Amino acid sequence: MKITEHLNNAKKTLFSLEVLPPLRDETIQELFAHIDPLMEFKPPFIDVTYHREEYVYKKRENGLLEKIPVRKRPGTVGICAAIINRYHVDPVPHIICGGFTKSETENALIDLDYLGIENVLLLRGDAIKNEPRFQPEEGGNAYALDLIQQVNNMNKGIYLDEELENRTKTNFCLGVAGYPEKHFEAPNLQLDIEYLKKKVEAGADYVVTQMFFDNQKYFQFVEMCREQGITIPIIPGLKPITTTRHMTILPQIFHLDMPSDLTKELMKCKDNKQAKQVGIEWAIQQSKELMEWGVPCLHYYSMGKSYSVRKIAEALF
Ligand code: FAD
């Protein structure tokens, strides 16, 4: 079923989560062990992230370094198929522009269509680690907007090879990313939202936000979006803090602010067990307020660890 249908049919706030494909030295059983305890809260959909290649340097016998591309977390499409088989819920594969030609993207979308997958979250992706800025693949999509246009074309039966006849019309529901605290490359939030509006005009059906720890940021973002005429659902994404290190790592990676009430509590923690508890309590308070405000769904970035998300879900769903 499409995410928009799940949202429309919902009688109360939905619970959903995002998972990462396992690392190469982990097994899919480990991922299942993380998802299994969350299934009792009936997520109608589970997002599966996509991780582009990174470059590692290996020393050869002649002493020279060889640059080798490595994909540390392969398997997004396979994990989606496994989620359908095991849990009978809708997987939402993330599709990124980076590292793909349009033709490779088309092939991936054909695979997803054959698997009966009806939802995709369309993203630009980030720069390759250690590269200064995002570079699209030659013959690839440069912005999420271009990717939306490609998938929307396939939904109309328009494929890259215009001479093809009897082309299947895919039936994807399109999700996109939104940033309550602005995407880090955008000069200001207003312009970032104008670009988001273009994604909506191109066919996006719903938005999932970057994580945030201050609900006011989400409320203001939604208000600004509505003022711009963006009427589609905006699903808040929440991440429970699990270590005191998150105080430095999360702002660095995700370009967000942490409220001082939260950092004060984390500073008092003697170990990560206490930090985890602070993270759970903060996320419960955030979730309660968002539910009261009327969000259609709460989407949790579980990052491969179910303990905190389960505690939050036990308190709310
Ligand atoms: P875009 O919407 O293309 O925007 C990128 C930047 O360009 C923004 O600053 C925007 O303001 C600007 N912009 C947009 N259009 C134009 C234009 N026409 N001209 C000039 N500027 C423009 N990354 C992964 O690699 N894998 C994942 O699985 C993944 N999942 C994510 C899930 C969510 C919910 C979120 C919020 C992010 C996720 N990301 C993921 C990270 C995402 O790929 C990065 O944040 C990336 O830098 C931007 O992606 P986007 O789709 O928002 O880009």
Side-chain angles (χ1 to χ4, degrees), residues 3 16-22 45-54 71-77 79-80 91-100 105 108 112 119-129 131-137 140-151 174-212 217-218 221 224-225 228 230 232-239 250-256 295 297-304:
I3 303 302
S16 70
L17 66 146
E18 177 190 282
V19 298
L20 280 60
F45 61 93
I46 299 177
D47 275 53
V48 184
T49 55
Y50 190 90
H51 299 259
R52 70 178 300 182
E53 73 282 9
E54 294 174 22
R71 201 179 294 284
K72 291 188 175 168
R73 293 181 183 272
T76 301
V77 175
I79 300 284
C80 286
V92 184
H94 292 191
I95 310 278
I96 61 170
C97 303
F100 290 100
T105 297
L112 295 175
N119 302 285
V120 281
L121 191 77
L122 302 178
L123 305 141
R124 187 196 69 180
D126 284 318
I128 295 186
K129 214 173 178 180
E131 289 192 358
R133 68 187 65 84
F134 175 83
Q135 294 284 358
E137 198 71 9
N141 292 305
Y143 289 106
L145 177 64
D146 306 318
L147 191 50
I148 294 165
Q149 280 157 349
Q150 181 174 8
V151 182
L174 314 186
V176 293
Y179 302 83
E181 299 181 60
K182 150 181 129 53
H183 184 260
F184 72 101
E185 292 167 29
N188 55 55
L189 186 56
Q190 183 62 33
L191 190 56
D192 203 22
I193 291 175
E194 282 172 32
Y195 288 131
L196 177 60
K197 173 105 189 274
K198 285 191 198 300
K199 294 199 277 192
V200 176
E201 286 167 348
D205 295 301
Y206 70 100
V207 178
V208 183
T209 75
Q210 185 55 278
M211 65 183 74
F212 56 89
K217 301 264 167 68
Y218 170 83
F221 174 69
M224 286 174 78
C225 288
Q228 283 284 318
I230 297 173
I232 60 175
I234 302 178
I235 299 174
L238 297 179
K239 162 150 181 59
L250 298 180
Q252 204 180 339
I253 301 178
F254 299 106
H255 308 274
L256 47 83
V295 298
C297 176
L298 286 163
H299 187 66
Y300 294 95
Y301 297 117
S302 62
M303 307 271 185

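Every value quoted in this text rests on a predicted model; they were computed, and no experiment measured them. Here, residue 1 is the first one in the sequence, and each next residue gets the next number. Read the numbers this way: they start at 1 and go in the same order the structure lists the ligands and their atoms.
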Nearest neighbour of atom 2 (O) of ligand 1 from the list M211, H94, K199, H255, on a heavy-atom basis: K199
Identity and distance of the protein heavy atom lying nearest atom 38 (C) of ligand 1: L123 CD2, 3.6 Å
Answer yes when K198 and E194 have at least one side-chain N-carboxylate O distance shorter than 4.0 Å, and no when they do not. no
Is ligand 1 less than 4.0 angstrom away from at least one heavy atom of Y301? yes
Judged by modelled atom types alone, do T49 and H94 share a side-chain donor-acceptor pair under 3.5 Å? no
Any donor and acceptor pair, going by atom type alone, linking the side chain of D192 with main-chain N or O of H183 inside 3.5 Å? yes
Closest approach of L256 and P251, non-hydrogen atoms and distance? O-CB, 3.4 Å
Short N or O distance, V208 and ligand 1, threshold 3.5 Å exclusive: no
With heavy atoms and a 4.0 Å threshold, my read on which part of I96 contacts ligand 1 is side chain
If you have a sec, work out which protein heavy atom is nearest atom 3 (O) of ligand 1 and how many Å separate them, to one decimal? A144 N, 2.9 Å
Testing the basics here: between P236 and T209, what is the closest heavy-atom pair and its distance to 0.1 Å? CA-OG1, 3.5 Å
How about I95 and V151: do any of their side-chain heavy atoms sit closer than 4.5 Å? no
Are any non-hydrogen protein atoms located under 4.0 Å from atom 25 (O) of ligand 1? yes
Identity and separation of the nearest protein heavy atom to atom 51 (O) of ligand 1: R124 N, 2.9 Å
Distance flag, aromatic centroids of F100 and Y50, threshold under 6.0 Å: yes
Give yes if a backbone or side-chain nitrogen or oxygen of H183 is under 3.5 Å from a nitrogen or oxygen of ligand 1, and no if not. yes
Taking a cutoff of less than 4.0 Å between a non-hydrogen atom of the residue and any ligand atom, is F134 in contact with ligand 1? no
Decide yes or no for I232 and C225: does some side-chain heavy atom of the first lie under 4.5 Å from some side-chain heavy atom of the second? no
Specify the protein heavy atom at minimum distance from atom 18 (N) of ligand 1: its residue, its atom name, and the distance to 0.1 Å. Y195 CE2, 3.7 Å
Consider ligand 1: state whether an atom of it lies below 4.0 angstrom from any non-hydrogen atom of D47. no
Going by the order shown, which atoms of ligand 1 are within less than 4.0 Å of some heavy atom of A177? 35 (C), 36 (C), 52 (O)
Under 4.0 Å to a heavy atom of L121 - the qualifying atoms of ligand 1, by number: 32 (C)
Check: of F254, Y179, Y143, min heavy-atom distance to atom 7 (O) of ligand 1 comes from Y143
The closest protein heavy-atom partner of atom 47 (O) of ligand 1 is D126 OD1, 2.5 Å
